[in-house]
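For reference, the structure discussed in these notes is given below.
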Amino acid sequence: MAGAGTSIADDFYDRLADLKAFDATKSGVQGLVTRRASEVPRIFQRISEHQHASGRIEMDHQAAVPVIDLAGSQREEAVAEIRRACQEWGFFQLVGHGVPPGAMENALVGVRAFHEGDPEVKAALYSRDGGRAAKYSSNFDLYASRVANWRDTLTCRMLPDPPKPEELPQSCSLNDSAKHTKCWNIGRTRKHVGPCKLGDSVMHIPVMDMKHLLLCSELVKHSVNASHSISYPHTDLPWRLSGFQTDPAMQEEPKEIIDDGEELCTTSAKGVQPNEDEKLSEDELLMADSVLKCQCGVFLSLVIDNRMNAFDFINLTTEKEALFEYSKHIGNLGHTLFELLSEALGLNPAHLEEMECNQGQILFCHYYPPCPEPEVAIGTSAHSDSGFLTVLLQDHIGGLQVLHNDKWVEVPPIPGALVINIADLLQLISNDRFKSVEHRVVAKREGPRISIACFFSTHFHPCSTRLYGPIKELISEENPPLYKEIMVIDYVAYYYSRGLDGKSTISHFRLS
Ligand SMILES: O=C(O)CCC(=O)C(=O)O
Ligand SMILES: [Fe+2]
């Protein structure tokens, strides 16, 4: 018999079987999208969440998450702004943070390349084993949560025990012979084509793999001239690559050859010649790079051909190097942020670092595929983060919302900005001075959306056995401790047992 609030159909619906079947595909939500699902499968439908209180919260379009410019403010000013943001919002956007734009862009591009890359590589990494330094899965809380999220995640534990390079996803790599490629062209293909082999006449590599971007910037750096540009109107992509000169003798109208999808299609740009005399300005270099970076499905193809001897591809960086590089910069930023946060709490700048709050670092590299029915699904359910602090890099798509004064407020993408939020353990040790605030990501028809959440926590291998409770300096007769002392591993185990579920974990550890 159907119970209160359930229907007969619910009684016959075996959710667990559907979850297991989805999990067994090892291809995540991206796999559904690739198979052209036109509807959101039932495990992702958040009907029940609509019935739940959080589904009925209104939007506030007037309020704005604070934006703090670290480079443009004096230290005391920055500390005061951070204090206000952490008390009132639990969230702020940070600019002037010193993380190089290229490292951020490359990390996003690398993550996208992984998620859109070889399904077999992804399936090999698909795992729910908490001990693995690098793994891929859809919904870490698939079996614990009420609603599956329209999102896949590559998870890389970077500190304190960094993964061995071979534990991170292998990207296609160029062999030495390709370092002296003679000619290039730009085209697009429908199909991912694997690493090039020695002697291949053409190799196609997704531009979305960041190494191609570096490769592209190397191309540009080594061989540019600003006086000509080549445009490819037939690609229906609104871009042009400037800074190259064509040799009229070899010029050929770019054309696209599309075969039956099994093989390559290519846009020929024969005759592209470097002009060593004129170099592109820094701005133009950036433009050429970002133009290429933002075009989904554009492929850079290298033609291995002896006719030209212009380009030398060096410093090819792989996806994993992009993640290591990004993580290193975020680690440095973490050091600065924990100092500023300590000061904002009225403590010695080294206090939070001495408590080892920044000792562990894990990257959650999210991929939100375009959703055919965004109104029935959710990208990430409402939750607060379990660690001390989160540094989030989001691309330009948007969809992140934060709960402020009981209303959802958008966290709009700001180019170059990082989103910083207080997580539960910092709320706990600050004895509620700072707030860890609920946030969510709505599903969208546009996409994919890429984001990289870097969690500073200490339950990763080797996990900390330290006890964390409200900081002694922050408690007094008027401010008695509000939480029990806990080990982070216990906190996180409880968090994982609930799945993304509002603020239920911190409430559980509150002293009554
Ligand atoms: O993708 C986002 O913007 C947010 C992700 C998030 O909240 C998380 O990973 O905890
Ligand atoms: Fe989060």
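Just so you know, ligand 1 is whichever comes first in the structure, and atom 1 is the first atom listed for that ligand.
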Can you tell which part of L392 has a heavy atom less than 4.0 Å from ligand 1: side chain, backbone, both or neither?
-> side chain
Under 6.0 Å between ring centres, would you say that holds for Y483 and Y468?
-> no
Atom indices of ligand 1 within 4.0 angstrom of A453 heavy atoms, with elements = 9 (O)
For P448 and I397, the nearest pair of non-hydrogen atoms, with its separation, is O-CG1, 3.5 Å
Under 4.0 Å from ligand 1, counting heavy atoms only, is it the side chain of D385, its backbone, both or neither?
-> side chain
In terms of side-chain geometry, is the basic nitrogen of D161 or R157 positioned less than 4.0 Å from the acidic oxygen of its partner?
-> yes
Kindly confirm or rule out an N or O of T380 lying under 3.5 angstrom from an N or O of ligand 1.
-> no
Report yes if the side chains of N421 and D385 come closer than 4.5 Å at any heavy-atom pair, otherwise no.
-> yes
Heavy-atom proximity to atom 3 (O) of ligand 1, best of Q394, H439, R449, H366 = R449
Any idea which of F364, F455, Y368 brings a heavy atom closest to atom 5 (C) of ligand 1?
-> Y368
Counting distance only, does the side-chain N/O of D501 pair as donor-acceptor with the main-chain N or O of S504 below 3.5 Å?
-> no
Flag side-chain contact, heavy atom, 4.5 Å: L426 against F456 = no
Among the N, O or S atoms that H439 has, which is closest to the Fe ion (ligand 2)?
-> NE2
Verify, without hydrogens or angle tests, whether Q394 (side chain) and V411 (backbone) share a donor-acceptor contact under 3.5 angstrom.
-> yes
Contacting atoms of ligand 1, where contact means under 4.0 angstrom from a heavy atom of V441 | 1 (O), 2 (C), 3 (O), 4 (C)
If you measure from each heavy atom of H383 to ligand 1, is any distance below 4.0 Å?
-> yes
Write the atom name of the N, O or S atom in D385 that is nearest the Fe ion (ligand 2).
-> OD1
